[in-house]
J.: 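Before we start, here is the structure in question, set down as structure tokens.
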Protein chains: 2
Amino acid sequence: MKNKANEQLSEFLAGQGLKSTRQRNRILSVFVSAGRHLSAEELTLLVKKTDAGIGYATVYRTMKLLSEAGLAHERRFEDGVTRFEYNASEGHHDHLICTRCGRIIEFENEQIEALQQSVAKKNRFLVQSHKLELYGLCSNCRGKRKSTPDVR
Amino acid sequence: MKNKANEQLSEFLAGQGLKSTRQRNRILSVFVSAGRHLSAEELTLLVKKTDAGIGYATVYRTMKLLSEAGLAHERRFEDGVTRFEYNASEGHHDHLICTRCGRIIEFENEQIEALQQSVAKKNRFLVQSHKLELYGLCSNCRGKRKSTPDVR
DNA sequence: CATGATTTTGATATCCATTTTCAATTGCAA
DNA sequence: TTGCAATTGAAAATGGATATCAAAATCATG
């Protein structure tokens with residue numbers, strides 16, 4: 001009866017011998033419906049609107065769990081704060097990050113990925129993962145002095 | 001009489017109305033002669049061998065200063081610790097980072113840079129800076145079970 | 001449905017890198 | 001030398017993330 005994400009969570013928990021709890025389901029629901037990159041703090045604030053009794057620690061723990069379950073991905077950009085993104089399914093992607101309004105745009109580019117492999121090969125290096133982030137001004141913020149924050 | 005880096009520092013300090021101090025010169029000298037990426041902690045340990053009275057706070061403050069002076073670049077990789085690299089002159093480069101021994105290899109690739117620009121253009125995004133990191137196993141660590149730590 | 005072993009939770013303490021505070025010291029122009 | 005702003009070192013504060021621990025909740029079992 002629940003949405004797909006929550007079903008996936010239930011499966012994962014059952015498979016790991018972990019328990020299904022109100023908190024875990026609530027946190028996942030809020031996270032998914034937010035539909036954007038969220039820090040643990042932002043997520044906690046959203047969650048508390050629905051269920052004031054859920055604490056920070058539980059949010060942190062749950063997000064780690066969701067990462068293990070493949071339902072969330074941890075991202076840490078320049079500001080040093082870990083943010084989570086909901087990963088419905090698709091593969092790897094990289095990010096454009098607006099330094100003014102915080103907007104995060106995702107992109108994929110196989111040509112770049114291929115070149116990365118060739119660089120690695122030249123250095124006899126075996127790539128396990130990579131991170132590509134482009135920082136700058138998004139279309140909304142170019143040429144503006146002020147802006148409406150999108151994400152903090 | 002000093003080396004080039006220290007001369008650059010003196011110029012920068014004079015230009016900013018800041019003072020030349022024993023600590024600042026000592027820290028820069030140690031940093032430059034190390035010739036590799038160093039965290040503030042690693043650098044402090046090295047500095048203390050020469051001059052035990054220099055504290056952490058001064059190292060942090062000085063490295064921030066050197067960054068402003070263009071003599072150092074801050075880098076923060078996945079482990080969340082800020083490291084500094086001495087930048088003699090050359091332009092931008094990216095990194096291959098060994099997840100086993102911590103070795104850091106620098107590389108440049110204009111093709112990748114060009115593709116980044118095209119991605120940005122498609123998204124009407126103005127790039128100010130970027131970060132590309134490839135994590136994996138270096139040539140020494142491929143096929144090994146254990147390794148000799150290079151950094152940390 | 002009651003039991004009880006095992007998990008989970010929430011509040012709080014702790015960790016760790018970095019920054020700030022502040023009184024004492026130092027650099028340097030006059 | 002003197003005077004004052006800049007700098008320093010030690011220690012406290014900060015901030016995000018993790019660990020601790022007693023109380024509460026889950027859930028297989030009887």
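First the proteins, then the strands, lettered A, B, ... as listed; each starts at 1.
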J.: For a quick test of reading the model, state the closest non-hydrogen atom pair linking B/Leu96 to A/Ala120 and the distance between them.
T.: CD2-CA, 4.4 Å
J.: Among C/dC28, D/dA17, C/dT18, which nucleotide sits nearest the side chain of A/Ala40?
T.: D/dA17
J.: Between B/Tyr60 and C/dT19, is there a side-chain N or O to OP1/OP2 distance below 4.0 Å?
T.: no
J.: Please list, chain by chain and in numerical order, all residues satisfying side-chain contact (heavy atoms from CB on, under 4.5 Å) with B/Ser33, sequence neighbours excluded.
T.: none
J.: Anything under 3.5 Å between a protein N or O and an N or O of nucleotides 19-25 of chain D, put it in a table, one pair a line.
T.:
| unit_1 | atom_1 | unit_2 | atom_2 | d |
| --- | --- | --- | --- | --- |
| D/dT20 | O4 | A/Arg61 | NH1 | 3.4 |

J.: Between B/Glu74 and B/Arg76, is a salt bridge (charged side-chain N to carboxylate O under 4.0 Å, His left out) present by the stated rule, with each step listed?
T.: CA-CA 7 Å; B/Glu74 282 189 31; B/Arg76 184 157 46 189; over 6 Å; no
J.: Specify the residue among B/Gly80 and B/Leu18 whose closest nucleotide of DNA chain C lies further upstream toward the 5′ end.
T.: B/Gly80
J.: Rounded to the nearest Å, what distance is computed from the CG atom of residue B/Leu9 to the P atom of nucleotide C/dG27?
T.: 14 Å
J.: Measure the distance from CG on B/Asn25 to P on C/dT26 and round it to the nearest whole Å.
T.: 16 Å
J.: List in chain and number order the residues that pass side-chain contact (heavy atoms from CB on, under 4.5 Å) with A/Leu38, two or more places apart in sequence or in another chain; answer none if no residue qualifies.
T.: A/Phe31, A/Ala34, A/Arg36, A/Glu42, A/Leu43, A/Leu46
J.: For the pair made of CZ in A/Arg75 and P in D/dA17, what is the distance, rounded to whole Å?
T.: 16 Å
J.: Nearest of D/dT8, C/dA17, D/dA17 to any side-chain atom of B/Arg24?
T.: D/dT8
J.: B/Leu13 CG to C/dT26 C1': how many Å, rounded?
T.: 14 Å
J.: Between atom CG in A/Leu65 and atom P in D/dT26, what is the gap in whole Å?
T.: 16 Å
J.: Any pair with a residue in residues 100-138 of chain A that passes ring-ring contact (aromatic ring centres under 6.0 Å, His included), sequence neighbours left out, goes on the list, sorted by first then second residue, please.
T.: A/His92-A/His130
J.: In this structure, how many angstroms lie between the P atom of D/dT18 and the CD atom of A/Glu41, rounded?
T.: 15 Å
J.: Enumerate the residues from residues 49-56 of chain B whose closest heavy atom to DNA chain D is under 4.0 Å, giving them by residue number; use none for an empty result.
T.: B/Gly53, B/Ile54, B/Gly55
J.: Please report the distance, rounded to the nearest Å, between CG in A/Asp79 and P in C/dA17.
T.: 19 Å
J.: What is the distance, to the nearest angstrom, from the CZ atom on A/Arg26 to the P atom on D/dT26?
T.: 12 Å
J.: Is there a side-chain polar atom (N or O) of B/Arg76 under 4.0 Å from OP1 or OP2 of C/dA17?
T.: no
J.: Might you point out which heavy atoms bring A/Ala5 and A/Val32 nearest each other, and give the distance in Å?
T.: CB-CG2, 3.9 Å
J.: Run the ring-centre check on B/Phe84 versus B/His73 and record whether the distance is less than 6.0 Å.
T.: no
J.: Taking all heavy atoms of B/Asn3 and all of B/Ser29, pick out the closest pair and write down the distance.
T.: ND2-OG, 4.5 Å
J.: Which heavy-atom pair separates A/Cys141 from A/Arg100 by the least distance, and what is that distance?
T.: O-NH1, 3.2 Å
J.: With a cut-off of 3.5 Å and sequence neighbours excluded, list every side-chain donor-acceptor pair involving residues 56-70 of chain B.
T.:
| unit_1 | atom_1 | unit_2 | atom_2 | d |
| --- | --- | --- | --- | --- |
| B/Thr62 | OG1 | B/Thr58 | O | 2.7 |
| B/Ser67 | OG | B/Met63 | O | 2.9 |

J.: If you only use heavy atoms from C-beta on, which nucleotide in D/dG16, D/dT8, C/dC28 is closest to the side chain of B/Thr58?
T.: D/dT8
J.: If you look at every strand shown and take non-hydrogen atoms under 4.0 Å, does B/Thr82 touch a base, only sugar-phosphate, or nothing?
T.: sugar-phosphate
